[in-house]
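Since the structure comes first, as structure tokens, the remarks are kept for the end.
What you see below is based on every heavy atom in this structure, not just the backbone, and it leaves out hydrogens, waters and symmetry mates. Residue numbers start from 1 in every chain, and the chains themselves are labelled A, B, ... in the order their sequence lines are given, proteins ahead of strands.
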Amino acid sequence: VSLHEFGLQLLNGVTFGAVLFIVSSGFTLIFGLMRIVNLAQGALYLIGGYIGLSVIRATGSFVLGVIVGATAIAAIGFVIERGLLRLVRGKPMSEILLTVGLSFIAADLALAQWGGDPVTVPAPEAISGSTSVFGITYPVFRLVVLGLAVVLAALLWWLQERTRVGAIVRAGVDDREMVAALGINVKAVFTLVFTVGALLAGLAGVVGGAFLSLYPGADSEILTYSLVVVVIGGLGSLQGAIVGSLLVGLIYDFGQSLVPSLAYFVLFAPMALILIFRPRGLFGREAA
Amino acid sequence: MSTSASTPETAAPRDEEGAGAPVHGAPPWLGRVKWLVLAGIVVLALAWPYLVSSFYVGMGTQALFYGLFALSINLLAGYGGMVTLGQAGLLGTAGYALAILTTSAGLPLGPAMVAALGVCAVVSAFFGLLAVRARGTYFVMITLAEGMIIWGIAVRWQSLTGGDNGITSVPRPAFALEYWQYYYFVLAVVAVCTLLIGLLVRSPFGLTLRGIREAEDRLPSLGYNVGLHKLVAFTVSGVFAGVAGLLLAMYNNFFGPSQVFFLASAEGLLMSILGGVGTMTGAFVGASVVVYVKQFVSSYVDRWMTLLGVVFVLVVVLAPDGLVGAWIRVVWSRVVRRVTGSGRASAPAVRNEGGKEAT
């Protein structure tokens with residue numbers, strides 16, 4: 001493997017990791033506060049991507065596609081939280097199973113609406129070219145996605161650590177009852193967090209759909225990657241999501257180019273190692 | 001929903017065989033009804049190919065091996081409190097192993113079946129080793145990832161698995177080539193496996209498993225090796241899923257990646273909770289419903305997957321104890337109350353499966 005190819009793989013892995021971060025930050029955010037493993041996160045990603053694609057095809061505006069895709073998924077998330085998850089609050093298994101049922105429905109409706117052929121979201125004209133990074137020709141779009149992920153990570157960190165809402169969320173992670181007893185409307189915070197988590201999935205779907213194509217099954221694949229990310233990083237931890245996404249992105253891309261037939265299996269190795277030595281993940285906290 | 005939910009003593013009856021939940025104060029003859037119902041089911045199962053067309057015999061065959069698959073999930077989820085979303089990966093390990101061994105490796109069917117189950121046992125044990133360290137939601141996620149690894153291999157390692165095209169011309173036993181012969185073959189295998197699982201959950205091992213489900217933290221202080229029990233349960237359950245995988249591969253004469261996909265695992269879990277987690281009959285009831293929806297309803301409605309999803313959501317929200325559980329709760333306990341003429345017949349609990357290992 002030449003240095004040039006190595007650099008290219010490195011960039012591919014990091015930018016793939018960027019998309020993974022956007023999905024799994026939503027995943028980990030939802031889990032952190034609500035203790036809900038949202039297995040519909042992959043389905044939300046896929047539907048978000050498809051909606052964005054339809055908007056872009058109709059209007060020609062990528063930005064509009066991102067906004068509509070992300071907002072639509074946020075709205076769906078809002079409805080799921082208010083309409084369904086509330087009914088089974090406090091029963092972790094029912095919550096998980098509910099999201100599994102929803103992912104059945106979402107996958108099937110997506111297939112009915114957008115068909116079974118892989119489609120790619122067209123990247124915006126303005127940044128569709130390539131640029132040179134340390135002598136490597138690389139698509140600008142993927143670098144922009146990387147930038148977006150970095151901005152999002154900073155924003156999420158700021159929200160969580162420096163704002164009142166973030167303080168409530170952090171307090172809620174530690175002790176929900178106490179937060180409720182202090183007169184804070186935990187239910188409203190739950191809805192907010194779930195909606196934001198869904199929004200991140202939709203956003204990831206549109207930007208991810210522009211360089212990983214969208215197809216039936218992409219939902220479960222992205223879900224698996226996010227699961228590996230949070231198992232490695234630790235559920236509910238933002239740093240965990242960052243480190244996990246980078247690791248998974250890099251391992252997957254290098255695995256893909258070195259041993260294509262075992263790319264999935266290669267992902268499994270670090271997960272197994274982490275589970276053996278740190279069952280809660282790198283940044284995970286006490287029992288899940 | 002029952003108002004007497006979630007007291008420990010009412011949680012127990014759900015573990016018993018379907019209709020026969022021992023309700024205190026019931027006259028002895030009522031217990032015999034359970035055996036009558038069971039005998040009826042056995043007779044119906046034996047006579048099935050003589051009663052219906054080949055289409056329904058095929059559906060019956062599928063309901064049987066998917067029922068075994070659901071039962072293997074039930075063994076983990078219902079009795080051990082370990083809800084798995086990767087079981088199709090283990091079913092697929094055996095199915096693929098059989099397909100590969102009988103086609104490209106050219107092994108005779110008998111030895112290939114034994115070897116395939118061996119492979120499945122090893123993979124199950126390895127997956128179990130990683131998964132049983134975790135609990136509750138973490139366990140679900142890890143098993144899901146494990147199942148998807150198998151799927152990834154099935155799709156990507158094309159030289160071995162045939163990729164998206166799968167592997168065709170998996171043989172059936174020479175004595176079970178006809179559809180009805182194969183039905184009886186499956187019936188026999190599933191009956192033996194169900195009996196074994198029934199013995200297992202009633203054994204001291206099964207009791208310990210239930211103890212783990214109810215109070216995992218307390219058992220070590222009683223001297224139980226919780227990790228080992230969970231690992232054995234995981235492996236045994238994986239092997240039973242593997243048996244279902246063999247039957248599935250021979251039924252279709254084919255094995256492909258969709259059979260190990262996440263949705264296949266979720267479907268198995270749906271069968272298990274639809275019937276009622278922690279009941280033996282529930283697995284077969286759930287499998288029958290799902291197979292019926294897939295085979296029959298799908299010929300009229302395109303969106304049968306959506307229908308399954310809606311069923312999934314409804315069961316989770318409205319009847320977390322499943323159809324058999326709901327039946328015991330609503331109908332059976334009322335019958336018993338009417339018969340005994342007393343209010344002592346307590347409705348078995350609506351207990352959220354696995355709800356104990358919350359956060």
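The side chain to side chain contact (heavy atoms under 4.5 Å, CB included) with A:Ile96 is formed by just one residue from the set B:Val83, B:Val316, B:Val140; it is B:Val140.
A:Trp114 CH2: more than 12 foreign heavy atoms inside a 6.0 Å radius. More than 12 non-hydrogen atoms from other residues, nucleotides or ligands lie less than 6.0 angstrom from CZ of A:Arg86.
Taking every heavy atom of both residues into account, B:Arg156 and A:Gln256 meet most closely at NH1-OE1, 3.5 Å.
Comparing B:Gly163, B:Gly152, B:Ala131, B:Gly147 by how many heavy-atom pairs each has under 4.5 Å with chain A, the most go to B:Gly152. Of the residues considered (B:Leu308, B:Val311, B:Ile142), B:Ile142 shows the highest number of contacts with chain A, using heavy-atom pairs under 4.5 Å. In terms of heavy-atom pairs under 4.5 angstrom with chain A, the leader among B:Val315, B:Ile153, B:Leu130, B:Leu129 is B:Leu130. When the candidates B:Phe261, B:Trp304, B:Phe139, B:Phe126 are compared by the number of heavy-atom contacts under 4.5 Å with chain A, B:Phe261 comes out ahead.
Interatomic distance, A:Leu223 CG to B:Met141 CE, rounded to the nearest 0.5 Å: 9.0 Å. For the atom pair A:Leu98 CG and B:Phe312 CZ, the distance stands at 9.0 Å (nearest 0.5 Å).
Annotation: residues 100-112 of chain A contacts chain B through A:Val100, A:Gly101, A:Leu102, A:Ser103, A:Phe104, A:Ile105, A:Ala107, A:Asp108, A:Leu109, A:Leu111, A:Ala112 [non-hydrogen atoms, separation under 4.5 Å].
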Inset, instruction - Just do the side-chain contact (heavy atoms from CB on, under 4.5 Å) check on A:Leu97 and B:Val313 with the steps written out, would you? - result: CA-CA 8 Å; A:Leu97 295 174; B:Val313 170; over 6 Å; no

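Contact of A:Val259 with chain B is not made at all, since no heavy-atom distance falls under 4.5 Å. With a threshold of 4.5 angstrom between heavy atoms, B:Val310 approaches chain A through its backbone and through its side chain. Interface residue B:Arg133: only side-chain heavy atoms are found under 4.5 Å from chain A. B:Ile150 does not touch chain A: none of its heavy atoms, backbone or side chain, sits under 4.5 Å away. Of the atoms belonging to A:Leu227, heavy atoms from both backbone and side chain fall under 4.5 Å from chain B. When heavy atoms are compared at a cutoff of 4.5 Å, B:Ala134 does not approach chain A at all.
Taking the side chain as every heavy atom from C-beta outward, B:Leu85 and A:Leu39 approach each other to under 4.5 Å.
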